[in-house]
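As structure tokens, the structure follows; a few thoughts come after it.
All values derive from a computational prediction rather than experimental measurement. A note on names: the letters A, B, ... follow the listed sequences, proteins ahead of strands, and every chain is numbered from 1.
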Protein chains: 2
Amino acid sequence: MAEGESALRAQADLVRRLKQEKASQEEIAEQVAKLLEMKATICPEDGKHKFVLKTPKGTRDYSPKQMAIRERVFSIIINCFKRHGAETIDTPVFELKETLTGKYGEDSKLIYDLKDQGGELLSLRYDLTVPFARYLAMNKITNIKRYHIAKVYRRDNPAMTRGRYREFYQCDFDIAGQYDAMIPDAECLKIVHEILSALQIGDFRIKVNDRRILDGMFAVCGVPDSKFRTICSTVDKLDKMSWEDVKNEMVSEKGLSPEIADNIGGYVKLHGGLSQIEQLLHDPKLMQNKQAMEGLGEMKLLFEYLALFGISDQVSFDLSLARGLDYYTGVIYEAVLLQQQNDHTEESVGVGSVAGGGRYDGLVGMFDPKGRKVPCVGVSIGIERIFSIMEQKVEASEEKIRTTETQVLVASAQKKLLEERLKLVSELWDSGIKAEMLYKKNPKLLNQLQYCEETGIPLVAILGEQELKDGVVKLRDVATREEVDICRGKLVEEIKRRTCCHP
Amino acid sequence: MAEGESALRAQADLVRRLKQEKASQEEIAEQVAKLLEMKATICPEDGKHKFVLKTPKGTRDYSPKQMAIRERVFSIIINCFKRHGAETIDTPVFELKETLTGKYGEDSKLIYDLKDQGGELLSLRYDLTVPFARYLAMNKITNIKRYHIAKVYRRDNPAMTRGRYREFYQCDFDIAGQYDAMIPDAECLKIVHEILSALQIGDFRIKVNDRRILDGMFAVCGVPDSKFRTICSTVDKLDKMSWEDVKNEMVSEKGLSPEIADNIGGYVKLHGGLSQIEQLLHDPKLMQNKQAMEGLGEMKLLFEYLALFGISDQVSFDLSLARGLDYYTGVIYEAVLLQQQNDHTEESVGVGSVAGGGRYDGLVGMFDPKGRKVPCVGVSIGIERIFSIMEQKVEASEEKIRTTETQVLVASAQKKLLEERLKLVSELWDSGIKAEMLYKKNPKLLNQLQYCEETGIPLVAILGEQELKDGVVKLRDVATREEVDICRGKLVEEIKRRTCCHP
């Protein structure tokens with residue numbers, strides 16, 4: 001209400017100003033009308049509470065058309081996950097509050113809690129990774145390759161036009177188990193590459209780094225151990241802020257000396273492929289740090305595997321990649337879409353992350369009563385942004401998206417044939433044909449044909465007195481308008497033959 | 001803690017009793033050990049809170065095997081919905097609290113509210129029907145045929161062994177729009193029939209009634225208007241309680257006279273088909289009630305349509321069916337599974353409802369600012385009970401359920417072939433083959449073969465020095481153990497040929 005009242009006041013101010021400025025009568029009248037409308041909303045005359053017809057802030061419904069696009073995207077992603085031999089699991093939408101506690105650092109304030117209605121304290125899941133780790137620990141599973149596609153919840157400031165919601169899908173693929181170095185990690189990157197290629201949403205680059213390299217770099221630059229994670233968060237802002245601003249945050253907010261910040265600056269600007277890794281492996285300062293050397297050694301191995309997978313061209317080792325979450329312990333990665341500049345000589349610029357992940361070897365141990373660790377590596381596809389892009393693509397292409405798969409409409413050319421239509425449509429359903437009929441006793445043929453045009457139904461099976469007498473059905477092709485009499489006993493076969501290439 | 005303390009005390013009592021009874025030293029030692037363990041759990045020495053590793057009450061995870069069964073059931077149901085030309089939509093898991101208010105009668109106490117963290121007051125959805133009605137009103141949609149499969153939430157007392165959870169799936173199919181009487185209603189029943197038949201979970205019966213017939217019957221029996229809904233709830237208990245108990249509730253709790261209750265008793269024992277409807281159409285008392293006559297007239301029409309659909313044998317007009325929800329306005333139905341008695345002369349008995357629904361012509365109007373009505377009829381499949389039955393069926397049949405679809409494992413017979421395996425598996429992925437490899441540098445062939453046996457992978461592509469030299473791959477059939485050398489360039493084709501009948 002306070003918001004409404006201050007809006008009311010602002011409107012009133014505006015009206016006054018408009019008067020002072022001797023604005024036209026029309027303008028004043030328009031503003032007054034708006035004001036009255038707003039007043040009616042806030043204080044309805046019948047004194048009853050005005051019902052607000054909307055979905056909660058940061059959420060949305062999916063229309064049939066959006067669902068058709070969503071299912072197309074999911075099917076590409078699920079096919080890829082299955083191609084890599086993944087199983088799937090599901091977990092409840094809420095967890096015990098304490099299951100989520102202490103896993104997300106500062107972002108914990110974005111967790112949705114359920115009201116205490118007696119019983120357990122519950123929260124909506126914030127991601128699929130923590131419930132996965134809880135699932136592994138609870139069932140004492142030490143190795144599994146699973147995918148999980150489900151909605152997660154964050155009380156963030158939504159930016160819905162850019163695909164940022166409070167309720168949104170995550171598509172996660174994770175490999176848990178004690179395996180030889182970088183083999184599952186390389187597969188995760190291969191999966192990101194396969195999915196982004198299959199979706200055909202433009203060029204992309206996958207940035208890769210390793211928490212061990214970052215920590216080693218911080219150490220040799222002179223950052224105190226206690227500040228590793230917070231400096232990591234600052235480095236993570238390099239994709240949105242200039243180095244000057246990042247340095248400023250390190251010095252003024254995080255208390256680093258300008259020299260230490262400059263040391264970091266020297267490293268985080270580096271990116272490249274195998275040769276960049278080789279160079280750092282011989283960096284005199286980094287060579288003194290065991291962790292960094294371990295991370296770089298495995299990074300080299302990773303790039304060798306990526307070359308065997310034929311995807312190293314799209315992967316860039318990038319020392320500025322840090323990622324926000326606390327639980328990563330090894331390799332980390334993030335895929336960004338590149339937007340081609342109009343001027344083709346310019347380098348492409350990233351328009352946002354569409355996938356990310358990394359290795360988290362300690363998370364399952366946080367749930368195990370005896371602290372037993374299960375090493376994990378995984379990737380999460382940022383599907384909402386991809387939905388937005390796909391929707392825009394469909395709009396632009398003027399492609400007509402069908403929201404049903406109906407093969408044939410059972411229609412009648414004359415009145416009083418409802419019973420005959422019911423019998424025929426039932427026969428078709430029982431034979432596995434996707435069929436519809438209009439729910440009218442006596443629909444006009446034109447309306448029936450129009451329904452097919454609107455919904456993309458390719459065939460019409462038309463019944464009339466003559467057809468019934470002859471034991472045939474008139475089968476009409478909606479696109480060509482060709483009609484042909486088909487013997488009733490051959491109808492199912494003919495519909496199947498004609499629609500075999502339809503979904 | 002109180003629970004823990006009284007358990008501690010009980011344990012202490014037991015130890016004392018054991019001593020008195022001069023039990024063996026071993027028994028006492030065992031009890032003392034248990035006692036200490038319990039004490040450690042309740043008051044851990046480090047003073048930290050003991051972490052509980054579980055899902056919230058009334059919820060569960062789905063394992064990969066359960067997911068495989070769940071997807072099989074969903075696929076049957078979705079196929080049926082699509083065969084009938086339905087589109088699909090999705091809505092958020094939570095709604096504004098006021099959207100759910102006043103829709104569920106007494107059951108509103110079972111709604112999960114979210115904590116007030118500033119902003120809007122939210123509740124988890126209780127069913128899919130109210131969000132559907134809200135969606136229609138919000139988007140001013142006057143006709144649509146849609147399905148929606150999603151989880152809903154009820155703070156009920158869970159009975160998980162019988163498939164009753166606090167988080168559970170609903171599979172809803174609804175037809176909204178102003179159409180000719182009973183045509184969409186009949187299609188809903190046809191859908192229930194198709195789905196229950198396709199699931200092969202045993203014989204079933206669909207009970208049908210109409211709120212108008214019920215109300216008319218109450219009126220002619222002498223029930224005051226104000227008690228229609230509450231007497232309706234009592235009648236609804238007839239599937240779980242005897243007539244005597246139901247009558248007792250009507251008289252002692254709901255304040256009907258025994259005579260009025262007996263009048264109702266005369267009607268609610270009636271069930272049958274068309275002839276039963278005809279008989280009631282000539283019932284001297286009911287004939288005086290316009291509503292009842294309207295309902296019975298349309299019930300007759302419904303049965304005529306059901307006969308055309310060939311399903312009237314499984315449908316029973318049953319005056320005892322009332323259904324709990326307030327919003328139904330016309331036809332109502334419920335499908336129950338029949339359990340064959342050992343003695344085949346006995347009549348089959350219902351083991352519980354697996355689908356239900358009805359007509360609700362007023363619900364959308366409750367959301368429309370101008371009260372515009374959109375007539376709706378729909379059905380909800382009670383999928384959790386069906387999952388339970390399917391799981392039991394799978395257990396009993398000893399069928400081995402695969403949780404992945406992998407067609408081939410890329411294996412090696414010798415050491416040092418990791419790179420070659422990575423190259424081959426990547427080639428296969430890129431050709432659309434579902435392939436896996438073990439994440440080990442040098443896995444033993446036996447372990448690789450065992451992995452196939454365990455997970456049901458039908459083929460193994462084996463690489464060795466000799467095969468690499470010859471440009472071939474040894475393709476092994478896991479079931480028959482037959483091996484044959486396949487030219488590398490023909491491998492994809494051969495795998496596709498051999499696994500075309502696998503999923």
Side-chain angles (χ1 to χ4, degrees), chain A residues 51-57 59 61-64 67 82-96 98 112-115 117 119-120 122 134-135 137-138 146 151 155 167 179-180 183-184 190 194 305 308-310 367 403-406 419 422-423 426 429 434 436 439-441, chain B residues 51-57 59 61-64 67 82-96 98 112-115 117 119-120 122 134-135 137-138 146 151 155 167 179-180 183-184 190 194 305 308-310 367 403-406 419 422-423 426 429 434 436 439-441:
Chain A
F51 185 76
V52 185
L53 198 57
K54 67 185 279 292
T55 63
K57 184 179 177 189
T59 70
D61 298 315
Y62 285 83
S63 70
M67 287 297 282
K82 286 189 173 173
R83 196 159 56 239
H84 288 260
E87 310 177 288
T88 185
I89 68 162
D90 195 14
T91 65
V93 81
F94 43 63
E95 295 276 344
L96 297 184
E98 57 183 335
Y112 277 100
D113 292 329
L114 267 71
K115 191 170 161 186
Q117 293 167 294
E120 300 158 334
L122 307 173
R134 192 264 308 144
Y135 175 81
M138 195 173 132
R146 83 90 182 79
K151 288 175 177 174
R155 293 181 62 255
E167 174 186 62
Y179 298 120
D180 282 322
I183 310 180
K190 172 79 172 126
E194 284 180 24
Y305 296 161
L308 291 167
F309 285 164
F367 289 107
T403 55
T404 68
E405 298 175 10
T406 310
E419 282 76 10
L422 287 169
K423 250 168 76 179
S426 178
W429 289 330
K434 293 170 188 145
E436 286 184 73
Y439 303 120
K440 296 244 167 213
K441 269 190 197 161
Chain B
F51 185 77
V52 184
L53 198 57
K54 67 185 279 293
T55 62
K57 185 178 176 188
T59 70
D61 298 315
Y62 285 83
S63 70
M67 287 298 282
K82 287 189 172 173
R83 196 158 57 238
H84 288 260
E87 309 178 287
T88 184
I89 67 160
D90 195 16
T91 64
V93 82
F94 43 64
E95 295 277 345
L96 297 184
E98 58 184 334
Y112 278 99
D113 291 329
L114 267 70
K115 192 171 159 185
Q117 293 167 292
E120 301 159 333
L122 307 173
R134 192 264 307 144
Y135 174 82
M138 195 173 132
R146 82 88 182 81
K151 288 176 177 174
R155 292 180 63 254
E167 173 186 62
Y179 299 120
D180 281 323
I183 310 179
K190 172 78 171 129
E194 283 180 23
Y305 295 161
L308 291 167
F309 285 165
F367 289 106
T403 55
T404 68
E405 297 176 9
T406 311
E419 281 77 10
L422 287 169
K423 252 168 73 180
S426 177
W429 288 331
K434 293 169 188 146
E436 287 185 72
Y439 302 120
K440 295 245 166 211
K441 269 190 197 161

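With a 4.5 angstrom heavy-atom cutoff, B:Arg134 touches chain A via backbone and side-chain atoms both. Residue A:Glu120 touches chain B through its side chain alone, counting heavy-atom pairs closer than 4.5 Å. Heavy-atom distances place both the backbone and the side chain of A:Ala137 under 4.5 Å from chain B. Residue contact with chain A, scored on non-hydrogen atoms closer than 4.5 Å, involves the backbone and the side chain of B:Lys441 alike. The parts of A:Leu422 that come within reach of chain B are both its backbone and its side chain, each placing non-hydrogen atoms under 4.5 angstrom from that chain.
Atoms CG and NZ, from B:Leu96 and A:Lys57 in turn, are 12.5 Å apart once rounded to the nearest 0.5 Å. Annotation: the span from B:Asp90 atom CG to A:Tyr62 atom OH amounts to 7.0 Å, rounded to 0.5 Å. Atom CZ of B:Phe309 sits about 12.5 Å away from atom NZ of A:Lys423, to the nearest 0.5 Å. Annotation: the span from A:His84 atom NE2 to B:Trp429 atom CH2 amounts to 5.0 Å, rounded to 0.5 Å. Within the model, atoms OG of B:Ser426 and CD of A:Glu194 stand 7.5 Å from one another, a figure rounded to the nearest 0.5 Å. If you take NZ on A:Lys115 and NZ on B:Lys115, they are separated by 12.0 Å, rounding to the nearest 0.5 Å.
Closest approach of B:Phe367 and A:Leu53 over heavy atoms only: O-CD2, 3.6 Å. Between A:Glu419 and B:Tyr305 the shortest heavy-atom distance is OE2-CE2, 4.5 Å.
With respect to chain B, the highest number of heavy-atom pairs below 4.5 Å among A:Met138, A:Gln117, A:Lys82 belongs to A:Gln117. By number of non-hydrogen pairs under 4.5 angstrom with chain A, the leading residue of B:Thr403, B:Leu122, B:Thr91, B:Thr406 is B:Thr403. Between chain A and the residues B:Asp113, B:Ile89, B:Val93, the largest count of heavy-atom pairs under 4.5 Å involves B:Asp113. Between chain B and the options A:Asp180, A:Thr88, A:Asp61, the largest number of non-hydrogen pairs under 4.5 Å is found for A:Asp61.
For A:Thr59, the side chain to side chain contact (heavy atoms under 4.5 Å, CB included) partners are A:Thr55, A:Pro56, A:Glu167, B:Pro92, B:Phe94, not counting sequence neighbours.
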